Amino acid sequence: MSESKIWGLLAQYENPAEIYHASEKVRDAGYEKWDACAPFPVHGLDKAMGAKPSKLPWAVLLIGLTGSSLMLFFESYTSGYAYPFIVGGKPLFSLPAFVPVWYEMSVLSSCLTAFFANWIMSGLPEPYHPAFASKAFERVTDDKFFIMIEAEDAKFDLEKTKALLADTGATLVEELKP
Amino acid sequence: MSHTIEKPTDITIPSSSMWAKLPVLGGICAATGLGATLAMAFGEHQARAMFSYLWAYEVWLAVALGALGWVMIDQIVRAGWSAVVRRISETAAATLPVFIVLFIPIVTVGYHALYPWTHETDAILERKRWFLSTPFFMGRAGFYLLVWAALSIYLYRMSVKQDAAGNDDMAKARISRSIWRFSAVGIILYVLTQSFQAIDWMMSLQPHWYSTIFGVYYFAASTLAFFAFITLVSMGLQKAGVLKKAITIEHYHDLGKYLFGYTIFWAYIAFSQFILIWYANIPEETEFYIARLHGGWEWVSYALPVLHFFVPFLYLLSRQVKRKQLLLGLGATWILLMHLIDLYWLILPNFGAHGEGHHEPHLALSWLDMAALVGIGGVFMATFGWLLARNKVVCVNDPRLPESLAHENY
Amino acid sequence: MATANAAAVNLPDDPNVRGDVVLDEPVAGREPLVRGQHDFHSVTEMVCRVNEVPLKKTPMPFVFGTLLASAVFAMFGGYIGYLIWVGPGIWGNNNPVGWAWDIVNFVFWVGIGHAGTLISAILYLFRQKWRTSINRYAEAMTIFAVLAASSCVALHTGRVWMDYYLFPLPNQMGLWPNFRSPLEWDVFAVNTYLIVSLLFWYTGMVPDFATLRDRATVKWRQLFYGVLALGWRGSMRHWVTYEKAYQILAAFSAPLVLSVHTIVSFDFAVSQLPGWHTTIFPPYFVAGAIFSGFAMVQTLMLPARHWLGLKDLVTVKHIENMNKVILLTGSLVGYAYAMEFFVAAYSGNQYESFTFINRATGPYWWSYWIMLSCNVVTPQLFWFRKIRTSVGWSFVLSIFVNIGMWFERFVITVTSLHRDALVSSWDYFVPVTEALYLLGTFGLFFTLFLLFIRFFPVIAMSEVKGVMPQANPHWSGYDKKGHHAPAHAAVEEVHP
């Protein structure tokens, strides 16, 4: 099997402590195109991996504010201009009475952004991934922990990377095909 | 990798620090401020002086009551993160007995000047006599003040007793359990007394007006003021070399979250009260807002949602702000300032609105406001400083202290 | 450090301390959230077992339950048809009682929904880790309860086919909804609530769907859960964004849950009607909503944890905590009742006073006293630890709360209306077919709920695993090399 046909390497670990220390080693070895997978977010593992904080809050803030201002404009426009009609003695532009809907739509636009941005930023839905071919990887959503290093990584070298993974205490190292 | 966290050793106030001098400094403030206010209260400006006095009284009472409520809630929910600042709040609450003495001018010199129902009457007031009558009012006030004093003294005493428990785990646990049980019952008394206090001492300034949410409004205001206070005090204590390592940015972050949360809660309650009264537009209720929309008060009314809500809300929204001492300190100072304005807006429009020569309320600041604020603040801070120096500034034997010291936000 | 302070407590490193054992409350350290000797895999097994029973082997009681619920649901469909055909005249509503069971049912169901969001969002923000065992359940309950509630409001408009006018859709007459009306606020509040709850629920479930997908042995399961799981593979880079999104959703849901019942309370409180117009309504409704919702969570969860064998995950500690919330919110509701009564007397306004005295002594006195005894009196039994850690008591008292909270809405809606300002307009409301209406909403709710239990992961596995002590990479149970950790934690480490 030639190296070019390999997508990457998959290494299995048994518990959060192992993957934590292994991730530190892989990070320190200078790899960039690699990932750790776990059945739950392991506290501190993102730092051990050197992952950057998510930019998601900015998207939420931006779109949330936009949605919020659009709604206030829309309420003022429909009630005050497009269909001016006094009901219950309330002025056409009644800011206090606009607050509830204004507020709800701010929340809705922010939450929709958070929801969709979450999947988009992670590249999901992703129906196929090379790791899915591995039988062992089925337990990533149960109780096993994995590190994958992509062959595309500049530092990737089949033998050396394998050795590194074995050295980090992996209980299993597999080659993944694209 | 479990790193052990050492118990703090810098747990007494150094005698050279400003905190140790608080009783003296506060005493001087109290003497000048209260002296001036009360001297004026016996002259022709009696009503104005007493309104300032009542305002200042409620401002500081809010801090102490907020502390009392939070200490109990904190114990009931078995909070872990906050043990390191609990003694500070217990101490702030333990100033409550002093408020008994401070209350005397309100029901003697200021009684008629403040409360129109004591000497006026009309058809509505006649129907309110069962509640708004001098003996009942006095009895209730005595009850509230004694309940607060009892609750706060017990909590403070028990906590100090735990300090002395040494290494006796059983004794420490026993004391904690007693405090839990006591707080669970105490909180009921607390909620009722602080609500009815707000009705008695502030709502009845405008005796026709009523609002069922008023007690909750005061609760929100007082808890918010308390969190601002404890944030600033913690910072001040650390400056003086106390709890240097014990109180970390993680605790400030959480205090900042509470400031943020209660800012929202205050706005929620204030808006709920406003929109319901504004929407239904029933004359006996709208008088409250009408009084606050004339004579200069309208600017305060418009400013409150902006300065008391939007500004601190947007400011404290950021994690960075909550995690920088200086920025958080600015936020807390701002909130404390807004607390003053909020209560000013609740109380002062009633000045001169009733009785002979009554007039449309108009906003007019007086030097008496400052005098009263400094005076009562002096008494409060002197007591607070004195109590703080008497004992350790942290509950050294609180079983949750290790958890609090290791606290981390994520 | 934690170990030293936990001295006074018998924390279980003992696998025999299962979920049903009542432990002394620790003064330091925390009780374990998962009892018995469990590791990550056994948690997965415990939860997935419920969903992985082959279709043909579905237990008979479950099949019958679902059939019964869906029969009631079908009856509800028929009832709706009849309602649309004949009109809301089939209800006992009249003048002056223009609102009755339609709104009572609506507020009842929306209120129940609130506990789900409270557990998932507010407890999350307060770092209450025990929420992980019950949040999925409660969120599902939220969604189905809000659906039941929406069915009530959508149907009470009379001309149901005109409901689209509630939404700001451009139309040939140039009409726009009246954004100054509380009923329009409701449309936005309830819809936002439904959508955000769905997003929150689904986001939380994706990692668990992935678990079910990876364990699936049959084609349809692989496909079904595979589609729902979106290709989730537990990547830490995904988890980082995911946790941020979850946190943001929680941060928005918390004020959202307050706003929804606040707006529901505005439906009543912006009016000038004595008994409806009172400023404490917003926080009072919110407290009541959480109260009824927690009671409903208890009612549903206590039997489920027994039948589904989830006692080690949903322990007595969880039940006790929920009972404490019920006690707290029940007392807050009691505070609001007292405050309303007091201010009615204090106000010197005869109409206010009359309304409240009429509630307690008028023709609907029984509903008032049912409300008061079920909402304020019986929950006080939870002051006793024996009672709040007893499964039987919790179940019975939670049902009382459900009943009491339905009657609360009845008291508010009907007794405030039936005595109009003019004595000549006084009338007494007699329900006609509304019982079927209420029953029907239960059919809708339980059908969906039973299907949820059967096909969706009822416990947030990934979250439960995350709060187990061995989830901490620095847990003392892992030796220095990090190999062969023991299966169970002795004491939950407080911190790294």
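A quick note: this is a predicted structure, and the numbers were derived from the prediction, not measured. Each chain gets a letter, A, B and so on, in the order its sequence line appears, and its residues count up from 1. Atom set for the values below is all heavy atoms of this structure, side chains included, hydrogens, waters and symmetry mates excluded.
Looking at B/Y268, the atoms closer than 4.5 Å to chain C (heavy atoms on both sides) all sit in the side chain, from C-beta outward. With a 4.5 angstrom heavy-atom cutoff, B/E126 does not touch chain C via any of its atoms. The contact between B/I269 and chain C is made entirely by side chain atoms (from C-beta outward), counting heavy-atom distances below 4.5 Å. For chain C, no part of B/I187 is nearby; none of its heavy atoms comes within less than 4.5 Å. Contact annotation for B/I76: neither backbone nor side-chain heavy atoms come within less than 4.5 Å of a heavy atom of chain C.
Between B/A280 and C/Q272, the shortest heavy-atom distance links the atoms O-NE2, 2.6 Å. Between B/Y279 and C/S181 the shortest heavy-atom distance is OH-CA, 3.9 Å. For B/T212 against C/I280, the heavy-atom pair with the smallest separation is OG1-N, 2.8 Å.
When side chains are defined from C-beta on, B/S195 counts as touching C/Y335, because their heavy atoms get closer than 4.5 Å. Within the 4.5 Å cutoff, side-chain heavy atoms of C/P283 are placed close to those of B/I213. By the 4.5 Å heavy-atom criterion applied to side chains, C/M339 and B/F214 are not counted as neighbours.
With ring centers used as reference points, B/F196 lies under 6.0 Å from C/F342. Between B/Y210 and C/Y346, the distance from one ring center to the other does not fall under 6.0 angstrom.
Using cut-offs of 30° and 60° for the angle between ring planes, the B/Y258 and C/F126 rings count as tilted.
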